[in-house]
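Hydrogens, waters and symmetry mates play no part in the numbers below; they use all other heavy atoms, side chains included.
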Amino acid sequence: TTDESVAQGALQKRKPKLLVITDVFGLALSDAACDAIRQFVQDGGTVVAMLSPALFDDKGRLRENGGLDDVFGVTRDRIEFGKRPSDYLVNPNKNPDSRLFVPGWLMAEFFEKGLKTTSGKAVGEHIFLKEPAPALILNDFGNGQALLLNMLETQYYRYPYVDALKMTRAV
């Protein structure tokens with residue numbers, strides 16, 4: 001599904017239960033696509049996104065607020081990305097009472113430093129940082145729910161590595 005097809009009603013026509021906005025492809029979304037995704041979640045759908053969804057519009061212009069910040073329950077005090085020269089760990093179990101429980105650790109390289117939660121609940125965190133940053137944010141929105149992975153996973157395996165998309169089973 002593309003930005004354009006979502007904006008033209010693909011989610012309402014196909015009625016999926018889960019929408020995954022993958023890594024950097026979701027950074028720029030049109031206002032119409034954001035409205036359609038918002039309505040999809042409001043109506044009971046689940047959306048999972050990685051790293052700064054809809055931070056830019058479809059013309060590549062930086063938005064004052066992310067186009068889906070309300071859906072994911074986040075805001076930013078600044079736009080700044082963190083990067084480590086090597087992988088670092090993300091603790092996905094900050095709140096073991098959460099309905100999102102992932103056995104093991106996630107490994108990532110990039111994340112948004114200035115991201116803060118509003119209505120979203122941080123259920124995972126980037127560790128070994130001077131300034132804490134939420135890594136996994138779960139938010140109930142309307143009749144649906146949203147999961148934001150404030151990270152880009154690295155692409156190789158180390159035990160006990162967990163594929164972030166496997167978390168969608170828990171949402």
Side-chain angles (χ1 to χ4, degrees), residues 1-83 90 92 98-100 102 106 108-124 133-155 162-171:
T1 302
T2 65
D3 178 277
E4 187 175 328
S5 68
V6 168
Q8 293 175 353
L11 295 176
Q12 287 72 26
K13 291 175 192 168
R14 295 182 189 160
K15 300 192 184 315
K17 294 181 180 177
L18 174 67
L19 173 65
V20 177
I21 303 173
T22 58
D23 52 62
V24 296
F25 297 106
L27 274 171
L29 295 173
S30 68
D31 291 340
C34 290
D35 290 343
I37 293 167
R38 185 174 291 103
Q39 189 63 54
F40 165 73
V41 179
Q42 187 89 32
D43 292 345
T46 298
V47 63
V48 177
M50 295 181 205
L51 196 64
S52 310
L55 190 58
F56 298 87
D57 69 13
D58 56 326
K59 306 290 189 231
R61 293 179 296 241
L62 181 65
R63 289 186 164 102
E64 186 173 326
N65 297 304
L68 293 171
D69 284 359
D70 58 333
V71 174
F72 290 102
V74 298
T75 189
R76 318 170 157 70
D77 58 9
R78 67 188 182 284
I79 296 174
E80 180 183 358
F81 292 92
K83 179 190 181 303
V90 172
S98 170
R99 59 198 145 145
L100 177 69
V102 180
L106 299 170
E109 188 175 355
F110 298 95
F111 66 100
E112 193 174 345
K113 285 177 145 182
L115 197 69
K116 306 291 182 214
T117 58
T118 55
S119 60
K121 184 175 187 178
V123 295
L136 308 169
I137 299 104
L138 189 59
N139 191 43
D140 292 322
F141 186 81
N143 294 318
Q145 52 195 347
L147 174 64
L148 177 59
L149 286 67
N150 180 24
M151 70 181 89
L152 284 180
E153 276 191 296
T154 50
Q155 298 300 314
V162 177
D163 182 349
L165 293 181
K166 289 179 185 173
M167 288 188 291
T168 59
R169 284 189 237 135
V171 178

Subject >> Audit row: Glu112, Val74, side-chain contact (heavy atoms from CB on, under 4.5 Å) steps and yes/no >> reply: CA-CA 11 Å; Glu112 193 174 345; Val74 298; over 6 Å; no

Subject >> Nearest-0.5 Å distance, CG of residue Leu11 to CG of residue Leu19 >> reply: 5.5 Å

Subject >> Min side-chain heavy-atom separation Phe40-Pro16 under 4.5 Å >> reply: yes

Original post:
How long is the gap from CG on Asn139 to CD1 on Ile137, to the nearest 0.5 Å?
Top reply: 9.5 Å

**OP:** Report, as yes or no, whether the 6.0 Å neighbourhood of atom CD on Gln12 holds more than 12 heavy atoms from other residues, nucleotides or ligands.
**Re:** yes

**OP:** Step by step, work out the side-chain contact (heavy atoms from CB on, under 4.5 Å) result for Val41 and Leu68.
**Re:** CA-CA 11 Å; Val41 179; Leu68 293 171; over 6 Å; no

Original post:
Roughly how far, to the nearest 0.5 Å, is CG of Leu51 from CG of Asn150?
Top reply: 6.5 Å

Original post:
Is there a side-chain contact between Leu149 and Leu136, using heavy atoms and a 4.5 Å cut-off?
Top reply: yes

Original post:
Hey, mind stepping through Leu29 and Asp57 against side-chain contact (heavy atoms from CB on, under 4.5 Å) and telling me if it holds?
Top reply: CA-CA 5 Å; Leu29 295 173; Asp57 69 13; over 6 Å; no

Subject >> Any Asp43 side-chain heavy atom under 4.5 Å of Asn143 side chain >> reply: no

Original post:
Roughly how far apart are Phe72 CZ and Ile37 CD1, rounded to 0.5 Å?
Top reply: 7.5 Å

Subject >> Straight-line distance of Leu147 CG to Leu18 CG, nearest 0.5 Å >> reply: 10.0 Å

**OP:** Could you tell me which residues satisfy side-chain hydrogen bond (donor to acceptor under 3.5 Å, both in side chains) with Asp58, sequence neighbours excluded, listed by chain and number?
**Re:** none

Subject >> Salt bridge present between Asp31 and Arg63 (N-O < 4.0 angstrom) >> reply: yes

Subject >> salt bridge (Lys or Arg N to Asp or Glu O under 4.0 Å) contacts touching residues 46-55 (sequence neighbours left out) >> reply: none

**OP:** Could you walk me through whether Ile21 and Val48 pass the side-chain contact (heavy atoms from CB on, under 4.5 Å) test, one step at a time?
**Re:** CA-CA 6 Å; Ile21 303 173; Val48 177; over 6 Å; no

Original post:
Thr118 side chain to Gly73 main-chain N or O, any donor-acceptor pair under 3.5 Å?
Top reply: yes

**OP:** Please name the pair of heavy atoms, one in Arg78 and one in Lys113, separated by the smallest distance, quoted to 0.1 Å.
**Re:** NH2-CB, 3.7 Å

**OP:** With rounding to the nearest 0.5 Å, note down the distance linking CG in Asp35 to OG in Ser30.
**Re:** 8.0 Å

**OP:** Establish, from distance only, whether the side-chain atoms of Thr75 and Asp69 form a donor-acceptor pair under 3.5 Å.
**Re:** no

